[in-house]
Structures are given as structure tokens and as C-alpha cells.
Engineer: 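Can you read through this structure? Questions will come right after.
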Amino acid sequence: MTDHSYDPATIEPKWQRVWQERKTFRTPNQPAELAGRPKFYILDMFPYPSGAGLHVGHPEGYTATDVIARMKRMQGFNVLHPMGWDAFGLPAERAAVRESLHPAEITARNVDTFRRQIQRLGFSYDWDREINTSSPDYYRWTQWIFLKLHERGLAYMADVPVNWCPALGTVLANEEVKDGVYVETGDPVERRLMRQWMLRITAYAERLLDDLELVDWPESVKEMQRNWIGRSEGADVVFRLDGRDETFTVFTTRPDTLFGATYCVLAPEHPLVEAITTDAQRDQVRRYVTEAIGTTEVARSDAAKDKTGVFTGAHAVNPVNGERIPIWIADYVLMSYGTGAIMAVPGQDQRDWDFAVAFGLPIIRTVEPPPDFDGQAYLGDGPAINSSFLDGLTIEDAKRRIIDWLEERQLGRRKVQYKLRDWLFSRQRYWGEPFPIVHADDGTVVPLPEDWLPVGLPAIDEYRPTEDGRPPLARAGDDWLRVTLPDGRAATRETNTMPQWAGSCWYYLRFLDPNNQREAWSAEAERYWMPVDLYVGGVEHAVLHLLYARFWHKVLYDCGLVHTVEPFQRLFNQGMVLAYSYRDARGRYYHPSEVEEYEDGRVLAVATGEALTSQVEKMSKSKLNVVNPDEVIDRYGADAMRLYEMFMGPLEVQKPWQMKGVEGVNRFLQRVWRLVVDERSGELNLKLTDAPAGSEPELERALHKTVQKVTEDTATLRMNTAIAQMMIFVNQATASATLPRDITTTFLRLLSPYAPHICEELWQRLDEGDLIAHARWPIHNEALCLDDMVPIVIQVNGKKRDELQVPKDADNATLERLALSSERVAKLLEGRAPRRVIVVAGRLVNIVV
RNA sequence: GCCGGAGUGGCGGAAUGGCAGACGCAGGGGACUCAAAAUCCCCCAUCCUACGGGAUAUGAGGGUUCGACUCCCUCCUCCGGCACCA
């Protein structure tokens with residue numbers, strides 16, 4: 001190594017300092033500065049700053065957005081590209097207990113680590129806009145939005161069944177519970193009715209579904225949201241109880257099968273259960289209900305398990321034919337969907353069939369299955385049978401007919417039902433947003449006036465729930481808990497806190513105007529910047545975060561606070577970065593440094609010589625395969641790290657990290673360096689000339705092709721092929737006898753969004769003035785992207801047999817003549833006349849014989 | 001079970017109706033060097049070859065087409081999501 005070779009360790013901190021000192025990436029926020037330029041809002045899903053720090057998966061998406069942000073700036077856009085912290089959450093609270101620190105201190109420490117690691121990569125975030133959801137400056141506005149929701153009747157309290165973990169003293173989210181235990185600790189979880197805050201997201205179900213049409217998102221994510229919302233069309237049907245003056249309603253998507261309803265089933269929690277159960281059945285029913293209510297919904301909804309249930313002794317009357325049918329209770333009917341009651345049609349529903357078989361209930365087919373049908377319940381189409389006035393109709397026609405019939409007699413009505421449920425919005429935790437709500441001593445729930453915000457978190461000495469099961473905030477003293485309202489009433493503060501999703505539901509709006517002390521964001525900023533043009537993040541947020549944020553956004557739209565119906569115009573999911581892990585026969589994992597790989601594919605443990613298996617897996621501490629970005633930057637530099645993240649493969653797929661690949665892009669950067677710098681002297685490369693670009697016509701063409709490809713591929717997030725093209729260019733430039741400066745500086749501008757530090761350094765050494773970050777993005781010359789002579793493939797019967805160089809504008813007749821006169825073709829034709837000749841201008845000639 | 005996505009050299013991948021394997025990694029050979037590293041040049045899917053070339057090949061099988069990694073049908077494998085939602 002010579003003194004003047006490429007050394008990222010010196011140039012990278014140097015340029016990061018320059019960018020920071022000059023506020024190079026400050027986004028304008030004065031209307032005058034904004035006017036006249038198009039805008040581009042490009043956003044990363046901001047991270048939860050965990051104690052573990054960054055791993056190489058995080059910067060993948062961040063690098064992609066940074067490359068685009070830098071290119072867009074050079075193309076003359078005002079770019080909003082911010083970063084912040086989703087900083088409330090349970091892990092910090094647990095660490096706080098463990099280390100006897102305040103969660104805010106833990107969070108601040110983690111944020112510092114994340115910020116330092118992110119800044120080492122040279123991202124062009126406007127750090128003056130950094131936000132932190134756990135800061136009172138931020139969460140006062142989260143509380144403010146909650147008040148908006150409350151005002152509109154979208155926030156309410158209800159007794160709902162929740163996953164209660166006695167060991168932790170808190171409610172857990174469904175996704176934190178599996179097989180009846182908390183996934184992290186294995187502590188048992190029970191279902192309990194608790195008074196909780198709920199958000200009425202179901203009121204927006206239809207708009208959340210319909211407006212998916214308006215956004216440019218991956219089809220898979222839209223489909224996941226559609227499934228989650230789960231719209232189904234059908235009818236509510238009213239059943240009368242036999243011998244009583246009461247009715248109950250069922251929801252069905254198959255009203256056409258009503259004549260085949262041979263029994264009804266109520267959910268164990270259904271309010272009618274207690275009333276209708278006969279004395280003879282009471283003990284059995286009570287036992288069943290108690291057991292069912294005790295198990296979690298997750299355990300209950302295991303489709304594979306056998307059907308269970310009990311007869312109530314009561315009967316209902318089928319409204320279409322007056323048949324008396326038994327009413328059962330079974331846990332396969334869920335209280336939380338539809339009406340909590342169903343009519344069972346075993347002939348057309350496999351679940352009902354299974355239940356009917358298990359308990360010896362009758363089965364009547366009402367749709368004629370095809371003659372060769374040998375299944376059980378028949379779900380396909382066919383003529384209605386055993387259905388009186390519906391007989392012979394198709395499913396669709398029968399549905400229409402029966403719904404009309406029911407509606408005329410007021411025995412039912414058309415109904416759209418959603419699977420989506422209201423959002424359980426409170427947690428019994430400390431490290432979250434307090435609700436801007438108090439409970440007056442007279443029992444009323446009172447939202448606080450806006451100018452009382454923020455409701456800060458009180459200092460308490462322990463973050464666990466109280467002994468009697470109240471949330472940690474109940475440990476606060478009366479100076480926090482007790483409030484005197486403006487009207488003189490005394491009240492106690494709400495002690496639940498909001499879930500972690502709350503802060504991330506609107507952070508993209510705070511970024512517009514993060515230092516605004518008077519309002520959550522200014523209307524002008526919102527009108528200028530929204531919507532987010534490109535939102536990049538992991539697919540793990542496909543449903544919850546993205547659905548919750550869309551919901552809040554629509555509410556804000558209804559409040560007149562935002563002007564777009566959807567917040568995120570385009571969404572892109574980057575694939576996960578995986579890593580090789582090494583395991584021995586006993587399943588013990590080995591760190592890559594304890595492993596030797598041989599050419600023949602064998603992998604051995606260095607210490608013992610034992611044969612190991614290698615596999616590609618998700619990075620995790622326990623698998624000893626986590627790659628730390630600091631380590632990569634120490635060895636190869638941030639530019640190489642960025643470039644490799646983009647070069648690994650398509651952004652959207654998951655792919656393994658390979659340290660050898662980083663070496664490869666590092667070599668590429670060294671070649672770029674040597675194009676400009678003479679490594680021995682440190683002076684400029686003697687190949688550089690002031691001659692015009694046209695003095696190296698071949699290289700000039702290569703450059704313009706590169707401009708075109710890099711511009712296109714970067715905009716469409718195909719960074720891997722953009723980089724491949726730049727490598728091709730550099731290989732040619734290295735081989736070229738002279739190197740016009742003009743070509744060199746144009747190329748550096750293309751590379752600068754990907755590897756900004758080295759490009760700033762070389763730009764300065766070439767004495768181009770200002771920063772390359774402020775340079776204009778090059779535009780390709782179409783004429784120079786086409787070669788004068790193009791290769792034409794000659795095929796015989798679709799197989800390549802020859803290749804000719806022909807002028808690029810040769811017409812079809814010329815191509816055909818040239819092809820037929822090819823010696824190799826003549827040999828293959830052996831004098832036979834071609835039956836047909838297909839000519840594709842500029843590409844190939846196919847001769848068919 | 002249902003709904004998505006993907007299967008291409010030793011590895012990551014490229015080509016979305018027109019030259020399969022761009023670019024990179026790994027590997028082989030050579031130049032430079034006292035030597036090594038670095039760098040530069042060449043080779044590198046498989047099989048056959050009289051060294052001109054030929055045959056085979058994109059998970060498997062079929063189809064459409066002058067021509068298919070690409071479009072259609074059937075199947076296999078892997079990954080992700082949902083899963084008694086009436």
C-alpha cells in the first residue's frame with residue numbers, strides 16, 4: 001500500500017464533518033424557498049432504537065432511500081428525507097427495571113448509538129428534523145390527535161376480553177401470545193374482561209379497503225390488508241326462539257342455503273345462552289362455557305382440532321319453512337365476528353358438516369353437487385334443491401331471491417360484514433403516551449383541554465403494575481393523579497398508556513414541520529410535501545402499522561387537517577438481509593471466525609476439525625451470525641458498505657450477506673480512485689486530459705449508456721444493475737489510454753449518490769468547486785447511446801448460428817439479404833430455400849426451413 | 001387448507017417474447033516481483049470434439065410461437081402471510 005491509495009478511514013469522517021457543518025442536506029422550510037421546485041418526500045420506516053444497535057439489515061432500506069434522495073436533489077427537487085426514533089416501547093421499560101435507570105435514559109443511550117451508527121454511513125438526512133416519539137414535544141401532539149379521535153366518537157372505553165399475563169401484570173397483544181403463553185418468557189396468559197380504550201377503526205373499514213386502489217403499493221401488501229379487513233357480503237337473518245317471544249340474528253354469506261339450516265350455534269359468550277338453556281342442560285352448558293371463555297382465542301381457533309359443543313335444550317324456528325331446529329353452543333363460533341350466532345348448513349359448509357357428523361345432526365343438501373362429487377360439504381355452484389321457491393336457481397340468483405323475500409317480511413336484510421375489529425388501544429405500561437383523559441369523581445370520562453397538553457409521564461419509583469393490578473402510572477402521587485377541572489370538579493387521571501403503534505401513526509406528518517411549537521404541523525408544509533412519494537421499509541409492517549397509520553390519516557382528512565386521503569403514495573418493501581450460520585451435528589452454532597471453509601465445499605470447525613453444516617438464516621445473536629455495520633465500515637469503509645448493500649441483489653428479495661462481496665465492491669472503489677489519483681505521487685492521474693469527451697469516442701458512448709442506465713435503474717430501485725453498469729464503465733475507463741476530465745466528472749456525479757464520500761473527495765481533487773452533492777445530475781445524449789454498428793444474431797430454426805455487425809439503421813430487406821448471404825447459413829441450408837424469414841430490426845434474423 | 005412470491009453456473013445474481021449466465025464473488029493460468037501482497041491480462045455452465053464447431057441446459061412435464069428463463073396448463077420444492085371469520 002502506498003501513501004496515496006484509497007483510504008476511506010480518512011476521507012469519510014472528513015466529508016461527514018463538512019456536510020454537517022455546512023448543513024448541506026438541510027431541507028428548506030420557508031414558503032419562498034419551497035416555491036418553484038418540485039418536491040420529493042422519501043421516507044424510511046423509522047427504527048425502534050433497541051439496545052442491540054444496528055445490524056446490516058437496517059441500512060439496506062436506508063441506503064436505497066438515500067441514493068434516491070441524493071439523485072433527486074441533484075435533479076433539482078426539494079427533497080424531504082428525515083430520520084427519527086420510534087422510541088416508546090416495552091424493551092426500554094424492561095431494561096429500565098433491570099438496570100435501575102429511567103426508561104428515558106435507556107432510550108437516550110440507544111438513540112445515541114443508532115444515530116452514531118447511521119451517521120457513519122453518510123446518509124443525507126436533515127438532522128435538524130430528527131424526532132423522537134417519546135419526547136413531550138412530540139407526544140403532546142399524539143395526545144392532541146387522540147382528542148380529535150375522541151371528539152369524533154372514534155375512541156371509547158369498553159369491557160373487552162384481553163390477553164392478561166399475571167406474571168408481568170399487563171395486557172399483551174395477540175401477536176405476543178402463542179399457545180397460551182407469552183412468547184418471550186413462557187409465562188401463562190389468560191383471557192380476562194378488562195375496561196380498555198378502543199379505537200373505532202371498523203368505522204373506516206370500507207374506505208380502508210376501497211382506497212387501496214389509489215396507492216402504488218406491492219400487490220402482496222394490498223392483498224394482506226384486504227384479507228385483514230376481510231369484507232364479506234351476505235345477510236342478517238332473524239330466527240325466532242321456539243316457544244318464546246324472543247329472536248336472535250345470525251350473519252350468513254349463504255342465505256341461499258337457508259332451507260338446509262338444520263341447527264343453529266351460539267358462541268359461548270352469546271348473551272342469550274344463559275336465558276335459553278333448559279334446566280336439564282344447564283350444568284353441561286355452564287361447564288362448557290366456563291372452559292371456552294378461559295382459553296385464549298388463539299387456542300380456540302385452531303382449525304385442526306375436533307369440533308366440540310353442547311346442546312342448550314332450546315330450539316329456533318327456521319324462518320323460511322317453520323322447521324324447529326336445535327340451538328347448540330360451540331367454540332367454533334366466535335362472539336367477535338358477525339352476531340356471535342350462526343345458522344348451520346352442513347350440506348354446504350365443511351365446519352357445519354364436521355359438527356353435524358360429530359353430534360348426529362341432520363344434513364340436507366340445498367345445492368345439487370355434480371354427479372362425480374364425492375366430498376362432504378359441497379361449496380361449488382349448482383342448481384338449488386330441497387329449497388322450495390329457490391329450486392333450480394344458481395347460488396347468485398338464489399341469494400338475491402331469498403334476501404328480497406326476507407326483506408319483504410322483515411326477517412332479514414342484506415349485510416356487509418368485516419373481519420376487522422376495533423383496535424385495542426390501551427396498555428398497562430409506563431413507557432408510552434399517557435391519555436389526555438381524566439375520570440371525574442362523578443364517574444364521567446373527561447377529555448382534557450388542548451392547552452393542558454402535554455400530559456407528561458410522572459416520575460415513579462417502580463415501573464411494574466401495582467399489587468392490586470392497576471397500571472404503573474397508578475403508582476404516581478396525587479400531585480400527578482388528581483386533577484381539578486376548570487369547572488371545579490375533581491378527577492383522577494387515566495393511568496393506561498397508548499400502545500407503541502400510536503407514535504408511528506403520524507410521524508410522517510411531524511417531519512414536515514418538526515420544530516413547530518404552536519401546532520402539530522403547518523397547513524402550508526402539509527400542502528407542499530404530502531403525500532409521501534416513496535415509503536421504504538420491511539414487509540413486517542404490511543398490515544398493522546400501515547393500516548393504523550392509514551386510519552389516523554383518514555380521520556385527520558375528515559378533520560380537514562391533511563389534504564390527501566392516503567398518506568403513502570408509493571410503498572416499497574426491502575427484503576431481509578440473511579447471513580450464513582454454521583452448526584455442528586449437535587446443533588451448536590459457531591461464529592464465522594471459528595470456521596474454516598474449503599474449496600470442495602467442506603466446512604470445518606477450526607478448534608476440533610469437526611465437519612459443520614452451513615446454512616443461510618435470519619441474523620440472530622443465538623445463531624452467531626449477526627453482522628455489525630461498524631465492523632464492515634472499519635474494514636472497508638461506509639461507501640463500500642453502501643455499495644454492497646445495493647449490489648447484493650434486487651432490493652425486494654431476501655439475500656445472504658457475504659463479506660467477500662464487500663471486498664469486491666471495495667476493489668471497484670479503488671479502481672475509481674485510481675482513475676483520478678496517481679497512487680505513488682498523490683497527484684492527479686496523468687491520463688486525465690482537458691480534451692473534449694469526444695476525443696475518446698468509445699468511452700464517451702459507454703458513459704452515455706451508463707448515464708441512461710444509472711438514471712433509470714436508480715429511479716426504479718434496481719440499484720444492483722445500475723452498479724453493474726458503472727463497473728462496466730470503470731473497466732473501460734481503466735483500459736482507456738486517456739481520460740477526458742469531462743467524462744470523469746460526469747461519471748463521478750453518477751456514482752456520488754451511491755458512494756458519496758469518495759466522490760466528494762475526487763471532485764475536490766479535480767478542483768470542480770462546491771460540493772458534488774450540489775452538482776447537477778447528468779442527462780444522457782440519446783444519439784451517443786446507440787452504436788453505429790450493431791450485432792445481429794442469425795438464427796436457423798430458432799438456433800443461433802452466426803452473428804453479423806451491421807449498420808444500426810439497416811432495414812429489414814438488407815438484414816434478410818445479409819443473413820442469407822452468410823457462409824454459415826449457406827452451409828446449413830444446403831441449398832434448401834428458406835420457408836420463412838423473420839427479421840427483427842436491430843436484433844436478429846431467423847431463417848426457417 | 002387458502003392467498004401471495006420465488007426456483008437460472010461452485011456462490012450472489014443478469015436477461016420479462018429475440019445472443020441464457022451481464023456485473024461481482026470464488027476458482028484456474030499468465031505478467032510484474034528476489035519473493036510475497038497489491039495490481040494488470042487471459043480462461044471459467046455441462047458433455048462431445050478431427051478445435052472448425054456440435055449437442056444439452058433456466059425445478060419437472062406438457063402447450064402456444066418462426067423463436068419461451070420470459071406467456072398458458074399440470075405438478076414438485078422452498079419462503080412469506082392468513083387460517084373454524086359463518
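Quick note: numbers below take in every heavy atom, side chains included, and nothing from hydrogens, waters or symmetry partners. Chain naming here is simple, since letters A, B, ... match the order of the sequence lines and numbering starts at 1 in each.
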Engineer: Tell me, which stems hold RNA chain B, with a stem being 3 or more Watson-Crick or G-U pairs in a row and both distances under 3.5 Å?
Structural biologist: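 Correct response: B:1-7 with B:76-82, B:10-12 with B:23-25, B:27-31 with B:39-43, B:45-48 with B:53-56, B:59-63 with B:71-75.
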Engineer: Checking Thr262(A) now: which residues fulfil side chain to side chain donor-acceptor pair (under 3.5 Å) with it, not counting sequence neighbours?
Structural biologist: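 Not a single residue meets the side chain to side chain donor-acceptor pair (under 3.5 Å) criterion with Thr262(A).
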Engineer: Kindly state each residue pair satisfying salt bridge (charged side-chain N to carboxylate O under 4.0 Å, His left out) with at least one member in residues 247-266 of chain A, sequence neighbours excluded.
Structural biologist: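 Qualifying pairs: Arg254(A)-Asp256(A).
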Engineer: Please state the C1' separation for the pair C40(B) and U46(B) - nearest whole angstrom.
Structural biologist: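 The answer is 31 Å between these two C1' atoms.
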Engineer: Between A86(B), A14(B), C40(B), which nucleotide has the shortest distance from any of its atoms to the side chain of Phe251(A)?
Structural biologist: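 Between A86(B), A14(B), C40(B), the one nearest the side chain of Phe251(A) would be A86(B).
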Engineer: Does CD in Glu233(A) sit with more than 12 non-hydrogen atoms of other residues, nucleotides or ligands closer than 6.0 Å?
Structural biologist: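 Check fails, neighbour count at 12 or below.
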Engineer: Among residues at least two apart in sequence or on other chains, which ones pass side-chain contact (heavy atoms from CB on, under 4.5 Å) with Pro656(A)?
Structural biologist: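 Pro656(A): side-chain contact (heavy atoms from CB on, under 4.5 Å) contacts with Tyr580(A), Val616(A).
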Engineer: C11(B), A86(B), G18(B): which one has an atom nearest the side-chain heavy atoms of Val840(A)?
Structural biologist: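 Selected nucleotide: G18(B).
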Engineer: Would you list the protein and nucleotides 64-72 of chain B atom pairs, both N or O, that sit under 3.5 Å from each other?
Structural biologist:
residue: C66(B); atom: OP1; partner: Arg836(A); partner atom: NH1; Å: 3.0
residue: C66(B); atom: O2'; partner: Asn846(A); partner atom: ND2; Å: 3.4
residue: C66(B); atom: O2; partner: Asn846(A); partner atom: ND2; Å: 2.5

Engineer: Report, one pair per line, the protein and nucleotides 21-23 of chain B atoms (nitrogen or oxygen only) whose separation is under 3.5 Å.
Structural biologist:
none

Engineer: Please name all residues satisfying salt bridge (charged side-chain N to carboxylate O under 4.0 Å, His left out) with Asp713(A), sequence neighbours left out, ordered by chain then number.
Structural biologist: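 So Asp713(A) forms a salt bridge (charged side-chain N to carboxylate O under 4.0 Å, His left out) with Lys709(A), Arg718(A).
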Engineer: Give the residues of residues 705-715 of chain A touching RNA chain B, defined as any heavy atom closer than 4.0 Å, sorted by residue number.
Structural biologist: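 Per residue number, the list is empty: none.
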Engineer: Provide the full list of side-chain hydrogen bond (donor to acceptor under 3.5 Å, both in side chains) pairs with a residue in residues 643-658 of chain A, sequence neighbours left out, each pair given once.
Structural biologist: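 Applying side-chain hydrogen bond (donor to acceptor under 3.5 Å, both in side chains) to every pair that reaches into residues 643-658 of chain A, excluding sequence neighbours, yields Glu60(A)-Lys655(A).
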Engineer: Choose from U39(B), G13(B), C19(B) the nucleotide whose nearest atom is closest to any side-chain atom of Val653(A).
Structural biologist: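 Selected nucleotide (nearest to the side chain): G13(B).
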Engineer: Hey, which sits more toward the 5' end of RNA chain B by its nearest nucleotide, Tyr644(A) or Gln670(A)?
Structural biologist: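 Nearer the 5' end of the strand: Tyr644(A).
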Engineer: Please name all residues satisfying salt bridge (charged side-chain N to carboxylate O under 4.0 Å, His left out) with Glu617(A), sequence neighbours left out, ordered by chain then number.
Structural biologist: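 Checked Glu617(A) against salt bridge (charged side-chain N to carboxylate O under 4.0 Å, His left out); matches are Lys623(A).
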Engineer: Could you run down nucleotides 1-6 of chain B 5' to 3' and tag each one B, S or - for protein heavy-atom contact under 4.0 Å?
Structural biologist: --SS--
Engineer: For residues 659-669 of chain A, run the donor-acceptor check on the side chains, cut-off 3.5 Å, and write out each pair with its distance to 0.1 Å, sequence neighbours left out.
Structural biologist:
residue: Glu663(A); atom: OE2; partner: Tyr636(A); partner atom: OH; Å: 3.3

